[in-house]
Protein chains: 2
Amino acid sequence: MGVRAESRERTIAAVKRLGRAQLAEVGAPGLSLRAIARDLGMVSSAVYRYFPSRDALLTALIIDAYDDLGQTAEAADRILDRGEPMRRLLAIASAVRTWALAHPNEYALIFGSPVPGYQAPQDTIAPASRVPLLLLDVLQSIDVRIPQSRAFSPQAQAAIAPLRRDFAPGLDPTMLSLGYALWEFIVGAVSMEAFGHQRNTIEPSAREVFFAEQVRSLAALLLQAD
Amino acid sequence: MGVRAESRERTIAAVKRLGRAQLAEVGAPGLSLRAIARDLGMVSSAVYRYFPSRDALLTALIIDAYDDLGQTAEAADRILDRGEPMRRLLAIASAVRTWALAHPNEYALIFGSPVPGYQAPQDTIAPASRVPLLLLDVLQSIDVRIPQSRAFSPQAQAAIAPLRRDFAPGLDPTMLSLGYALWEFIVGAVSMEAFGHQRNTIEPSAREVFFAEQVRSLAALLLQAD
DNA sequence: CATATTCGAGAGCAGTGCTCTTGACTCCTC
DNA sequence: GAGGAGTCAAGAGCACTGCTCTCGAATATG
């Protein structure tokens, strides 16, 4: 931990900070290592001492975005302190939506179009799993038995077998399937809003409550035993 | 409609065809007008006679993608010929998913990250509305009364007021809200699958039936009056 | 036939990611 | 303290991009 390593850490943080700023202005496609170097008062080749490629910088920003989103969702859940499952689901979903609208380009980085030819490294898996694992924790706190009439078929249950084996062995497969659907809905609804697909259809001022009631309706599938 | 105009049309079609091919290979960020010109045996400046900018070409490809997706969904629905609402919803959802997996880069173009600074022109609105309008048509064929206990609040209903006014004046607002949620789920689930977010979680071979049963579960909210 | 329009080619500008070499500077070891 | 090892920024340069401009040639229209 010499003064050298600390200086290096500072430079890396500065590059990431400027990268995030550029992301907010021109988005991921417009992120330029040369522009970052200019803002930093360095020449472009110097930045390559810290990030071997533009993709490597993007990977770092992706991991940071996943972590920031996960931390935000976890904080929103933690405030409730052993709250009801429905309230927790609403809090998490709203936190994801709010974060996405506040950081649209970082959200696009993680849930938007993948960079062609770019394979997400292993390092992203854990940060990417924070919100899903949080939702899984809520699912496991639900003590409702979903009626047989709504149960998923064995073939459909096979789809989530790896997920169940690794993270939720005791969880009812139908519960997990519907919980996963809720997560996919959240991603879809937030993506469509953040990406401008609701421009002429959904009243902006009412989007927040609209989204919350949609989540409530879908979550009811998990919580009602009728 | 002289021979000149026809030749122009042919060249435009060729540029778009090569653009689509490049899209499939290197994705939207890698789409290069110069490369298209090379494949076409022309010099890059000549292509600008047909598309004033790279963004204009992308817009044309976006419109084509929307139209292709919409046409595919409409065809899948038309086969059923006055089918049950549930079967129609399943057919449309599956058609969207299948099309997206067959054309991942074109799907990413329309439902992935928006190009920063790129404002979708009016021309894209109609093609983009084809699938939603198709779903709306199914919703209007449902003669189930959603119980008061599941009704959306007036504030939430206000969100879809513009949509209802322009396209479905007589439709129950709660029905429309839940139908919109179904559409958002479809986009979310298909996006996550097409963008590789199910890599280590959902068994590939069972994804199709898993998705179908998820759609069935959510659509049940629209079709059950209990 | 003459004119007007369209078209492709070529050069050129400013920007990009990335590589390689060079010189300076710092740190550790003897 | 002197010398070698490692680190860093700079600069030049390559191949690529989108885009603009000008200039001839071909074509269609009056």
Side-chain angles (χ1 to χ4, degrees), chain A residues 1-16 18-23 25-62 105 109 113-119 121, chain B residues 1-23 25-62 105 109 114-119 121:
Chain A
M1 324 277 162
V3 77
R4 278 256 276 263
E6 278 179 24
S7 159
R8 182 174 181 85
E9 284 303 315
R10 262 204 312 273
T11 309
I12 287 180
V15 170
K16 290 209 278 189
L18 288 173
R20 243 182 317 265
Q22 238 188 70
L23 217 57
E25 283 174 27
V26 291
L31 186 140
S32 154
L33 269 176
R34 290 182 113 109
I36 292 175
R38 270 196 300 274
D39 290 357
L40 218 68
M42 298 200 311
V43 86
S44 73
S45 59
V47 180
Y48 283 85
R49 295 261 168 214
Y50 303 95
F51 293 93
S53 71
R54 201 190 92 117
D55 272 10
L57 173 57
L58 273 179
T59 297
L61 293 178
I62 286 173
N105 282 296
L109 206 56
S113 325
V115 178
Y118 169 83
Q119 183 79 309
Chain B
M1 327 287 155
V3 76
R4 276 255 276 259
E6 279 180 23
S7 158
R8 183 175 179 84
E9 285 302 314
R10 263 205 312 274
T11 310
I12 287 179
V15 171
K16 290 209 277 188
R17 201 185 60 245
L18 288 173
R20 241 178 323 260
Q22 240 189 67
L23 218 56
E25 283 175 27
V26 292
L31 185 138
S32 154
L33 270 176
R34 289 182 113 109
I36 291 176
R38 270 194 300 274
D39 290 359
L40 217 68
M42 297 200 311
V43 86
S44 73
S45 59
V47 181
Y48 283 84
R49 296 263 171 217
Y50 304 94
F51 293 93
S53 71
R54 201 190 93 119
D55 273 11
L57 173 57
L58 273 179
T59 296
L61 293 178
I62 286 173
N105 282 296
L109 207 56
V115 178
Y118 169 84
Q119 183 78 310

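Scope of the values below: all heavy atoms of this structure, side chains included, with no hydrogens, waters or symmetry mates. We name chains A, B, ... by the order of the sequence lines, and we start the count at 1 in each one.
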For this session: Kindly give the heavy-atom pair with the smallest separation between B/Leu109 and B/Ala28, and that separation in Å.
Result: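 Scanning both residues completely, I find the closest heavy atoms to be CD1-CB, 3.7 Å.
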Exercise. Taking all atoms of both residues into account, what is the closest heavy-atom pair of A/Arg34 and A/Ser44, and its distance?
Worked result: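 A/Arg34 and A/Ser44 have their closest heavy atoms at CG-CB, 3.7 Å.
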Would you mind telling me which of [options] lies closest to the side-chain atoms of [X]?
X: A/Ser45; options: D/dG13, D/dC19, C/dC20; answer: C/dC20
X: A/Leu33; options: C/dG17, C/dG10, D/dA10; answer: C/dG17
X: A/Ala46; options: C/dG12, C/dG17, D/dA9; answer: D/dA9

Please report, rounded to the nearest Å, how far the [atom2] atom of [N] is from the [atom1] atom of [X].
X: A/Arg54; N: D/dC16; atom1: CZ; atom2: C1'; answer: 14 Å
X: A/Tyr48; N: D/dG11; atom1: OH; atom2: C1'; answer: 15 Å
X: A/Arg8; N: D/dT7; atom1: CZ; atom2: C1'; answer: 9 Å
X: A/Phe51; N: D/dA9; atom1: CZ; atom2: P; answer: 13 Å
X: B/Glu6; N: C/dC7; atom1: CD; atom2: C1'; answer: 17 Å
X: B/Met42; N: D/dG18; atom1: CE; atom2: P; answer: 14 Å
X: B/Gln22; N: D/dC16; atom1: CD; atom2: C1'; answer: 13 Å
X: B/Ile36; N: D/dG18; atom1: CD1; atom2: P; answer: 8 Å

Contact between [X] and [Y] at the side-chain level, heavy atoms closer than 4.5 Å - yes or no?
X: A/Leu33; Y: A/Tyr48; value: yes
X: B/Lys16; Y: B/Ile12; value: yes
X: A/Leu31; Y: A/Leu61; value: yes

Exercise. Are OP1 or OP2 of C/dG8 and a side-chain N or O of B/Tyr50 less than 4.0 angstrom apart?
Worked result: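 For C/dG8, OP1/OP2 do have a side-chain N/O of B/Tyr50 under 4.0 Å.
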Exercise. Does B/Ser44 place a side-chain N or O at less than 4.0 Å from the phosphate oxygens OP1/OP2 of D/dC19?
Worked result: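 Checking D/dC19 against B/Ser44, no side-chain N or O comes under 4.0 Å of OP1 or OP2.
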Check every strand shown and say whether [X] touches a base, only sugar-phosphate, or nothing at a heavy-atom separation below 4.0 Å.
X: B/Gly41; result: sugar-phosphate
X: B/Leu57; result: nothing
X: A/Leu40; result: nothing

For this session: Classify the side chain of B/Arg49 and the base of C/dG8 as holding, or not holding, a donor-acceptor pair under 3.5 Å.
Result: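 Side chain to base: pair present.
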